[in-house]
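Both counts, for ligands and for their atoms, begin at 1 and track the order of listing. Being a predicted model, the structure only gives us computed values, none of them experimental. The first residue of the sequence shown is numbered 1, and numbering continues consecutively from there.
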Amino acid sequence: MTYDIQPAGSHFIDGAYVEDTAGTPIPVICPYSEKQIATVHAATPAIIEQALTSARRAQKDWAARTGTERGRVLRRAADLMRERNHALSVLETHDTGKPLQETLVADATSGADALEYFGGLAGALTGEHIQLGEDFVYTRREPLGVCVGIGAWNYPTQIAAWKGAPALACGNAMIFKPSETTPLCALKVAEILHEAGAPAGIYNVVQGMREVGQALITDPRVDKVSLTGSVPTGRKVYAAAAEGIRHITMELGGKSPLVIFDDANLEDAVSGAILGNFYSSGQVCSNGTRVFVQRGIKQAFLDRLTERLKDVKMGDPQDESVNFGPMVSQRQMEIVQGFIAKGLEEGARLVAGGARKGDRGYFLQPTVFADVTDDMTIAQNEIFGPVLSVLDFDDEDEVLARANATDFGLAAGVFTQDLTRAHRMVAGFEAGTCYINTYNLAPVEAPFGGSKLSGVGRENSKAAIEHYSQMKSVYVAMGAVEAPF
Ligand code: NAD
């Protein structure tokens with residue numbers, strides 16, 4: 001099967017595509033051809049109202065089903081997603097520019113994993129029983145109600161599923177607003193969930209820019225907000241959600257350290273640095289873009305890295321042999337070019353890349369800077385593009401302090417053959433997601449999220465259940481009630 005690039009409607013509400021052309025048109029631009037391939041419209045107040053009304057209504061019945069029944073729907077949706085992986089991946093590649101080679105294994109498949117995992121967990125969600133002599137307390141795990149999910153543009157299908165699966169498993173309804181840069185694939189997640197038996201309204205998708213996000217998260221009918229986005233957006237969304245004391249999950253940006261000791265397996269360390277800097281053309285939140293390399297291995301590391309970069313193949317991302325795609329948009333390409341210029345200006349040594357490739361498609365060469373120092377702009381800011389900075393270090397205490405000297409705390413990694421040192425390092429990292437001798441894997445079974453400015457809460461794993469449900473505590477008295485008078 002193949003999907004039409006132009007969706008049947010901009011939004012998916014109450015189990016069907018809907019359109020309201022009064023909303024601001026949002027062009028969908030293919031990052032490879034630079035051509036407009038579809039148009040959606042931002043949600044009008046009428047569309048937002050429809051989404052909220054239908055989610056509110058659907059949630060009560062959904063929550064009244066058993067967890068096993070809800071889980072069955074999610075697992076069916078996971079199967080449908082896997083069956084349609086190719087079509088979904090082609091669409092994701094049109095929308096994001098990420099190579100098909102990647103989207104085939106990292107987007108709908110990861111979304112399906114989340115639906116399957118939380119589908120399996122749904123029937124096992126319980127409260128607990130606490131005996132207090134004759135009396136006892138039991139707890140009920142209850143849904144929050146209507147959850148709003150707001151997505152970034154780098155993993156549109158995955159983010160839509162990572163937020164939707166635990167929300168629905170716990171008996172909530174979800175209204176998802178994709179990034180305006182990549183609006184297409186969340187609609188397919190909604191379509192598949194409903195085809196799998198989700199009741200109309202339980203997973204709605206509305207398009208739009210920040211105004212639509214704001215309208216949703218400030219509505220009194222909304223109980224929870226989960227954002228994947230940048231730190232500045234996180235601050236605004238967190239503040240708006242705080243007004244209504246809403247539950248929140250914040251998956252925000254990072255500037256993560258990747259520490260490579262002299263004794264590391266060189267080939268693995270280079271592979272880790274490639275995964276942590278150039279996968280999805282560097283547009284990954286958890287990327288380890290501050291690569292601290294111990295002085296003894298530095299030259300060998302740089303030599304091998306630049307050699308491996310010869311295998312980069314850019315081109316039509318729909319060609320499965322292409323392994324490096326364009327940036328998602330002209331704007332993102334220009335932001336990254338600005339950082340590269342800043343790196344050169346501040347005295348970093350350009351070892352590889354540094355320029356746009358060709359004049360069609362938003363391609364940037366994978367870029368490596370050496371002799372980067374902690375105070376440089378490229379060492380401090382999240383770039384969100386294919387720019388790897390190598391910083392030198394001498395010893396463990398020094399590198400740990402420097403690795404942590406950032407307001408971000410999303411991820412961190414260490415390559416070394418010395419396992420006690422590896423565990424010491426991760427114990428010391430101020431980051432939510434750590435790696436030893438690998439980088440950037442995010443299986444659904446493991447909690448994922450940030451500390452410090454990089455976020456609040458965790459996605460995936462059993463930990464996500466805590467962020468999509470609440471406990472009700474019930475005291476049961478078995479005897480007479482004693483009162484002072
Ligand atoms: P962004 O912050 O610009 O936008 C994210 C989403 O928030 C979009 O849907 C946008 O429309 C919406 N939005 C923006 N302002 C808003 C407001 N005031 N109120 C409500 N909604 C608003 O982020 P982006 O450029 O789409 O994505 C890149 C960023 O996302 C990077 O910082 C990256 O690190 C981060 N990210 C984090 C994770 C994670 O899991 N930690 C994953 C992917 C991306």
Side-chain angles (χ1 to χ4, degrees), residues 24 26 40 42-43 48 95-96 98 106-107 110 114 148-163 175-183 186 205-219 222 225-243 246 248-256 276 279-289 327-329 331-336 339 381-385 406-411 431-433 440 442 444 446-460 464 467:
T24 311
I26 301 175
V40 296
I48 294 172
D95 207 8
T96 61
K98 296 194 293 181
D107 291 86
S110 160
V148 165
I150 300 180
W153 42 254
N154 57 344
Y155 281 83
T157 309
Q158 185 188 84
I159 295 171
W162 279 18
K163 296 191 189 305
I175 302 175
F176 187 79
K177 188 199 85 64
S179 163
E180 58 273 32
T181 311
T182 52
V205 175
V206 297
Q207 309 290 352
M209 280 74 83
R210 73 172 66 107
E211 297 73 19
V212 172
Q214 282 291 320
L216 287 169
I217 62 187
T218 50
D219 192 282
V222 168
V225 180
S226 176
L227 168 77
T228 297
S230 61
V231 171
T233 301
R235 282 205 171 94
K236 290 184 197 120
V237 170
Y238 204 162
E243 192 64 30
R246 295 189 177 85
I248 52 108
T249 300
M250 294 282 143
E251 290 290 350
L252 308 177
K255 186 71 193 172
S256 302
Y279 201 71
S280 298
S281 300
Q283 302 165 116
V284 180
C285 53
S286 49
N287 272 356
T289 49
M327 305 302 295
V328 75
S329 64
R331 186 177 131 73
Q332 190 60 21
M333 179 182 72
E334 287 167 1
I335 290 172
V336 179
F339 278 111
N381 291 268
E382 181 181 50
I383 298 176
F384 226 58
T406 168
D407 290 336
F408 294 108
L410 188 53
T433 308
N440 254 0
V444 67
F448 182 85
S451 53
K452 296 158 82 176
L453 289 192
S454 292
V456 182
R458 291 293 177 267
E459 293 201 303
N460 290 340
H467 301 290

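Annotation: ligand 1 has protein neighbours Ile150, Gly151, Ala152, Trp153, Asn154, Lys177, Pro178, Ser179, Glu180, Arg210, Gly213, Gln214, Leu227, Thr228, Gly229, Ser230, Thr233, Lys236, Val237, Glu251, Leu252, Gly253, Cys285, Glu382, Phe384, Leu410, Phe448, each with a heavy atom less than 4.0 angstrom from the ligand.
Under 3.5 Å, the side chains of Trp153 and Ser329 contain no donor-acceptor pair of N or O atoms. Between the side chains of Asn440 and Ser286, a donor-acceptor pair is found at a separation under 3.5 Å.
Between the side chain of Ser226 and the main chain of Lys163, no donor-acceptor pair closer than 3.5 Å is present.
Between Glu180 and Lys177 there is a salt bridge, since at least one side-chain N of the basic residue sits less than 4.0 Å from a carboxylate O of the acidic one. Ion pairing of Lys255 with Asp407 is absent here, as no side-chain N (NZ or NE/NH1/NH2) approaches a carboxylate O to less than 4.0 Å.
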Pair Ser280-Tyr155, side-chain hydrogen bond (donor to acceptor under 3.5 Å, both in side chains): steps then yes or no: CA-CA 9 Å; Ser280 298; Tyr155 281 83; 2.8 Å; yes
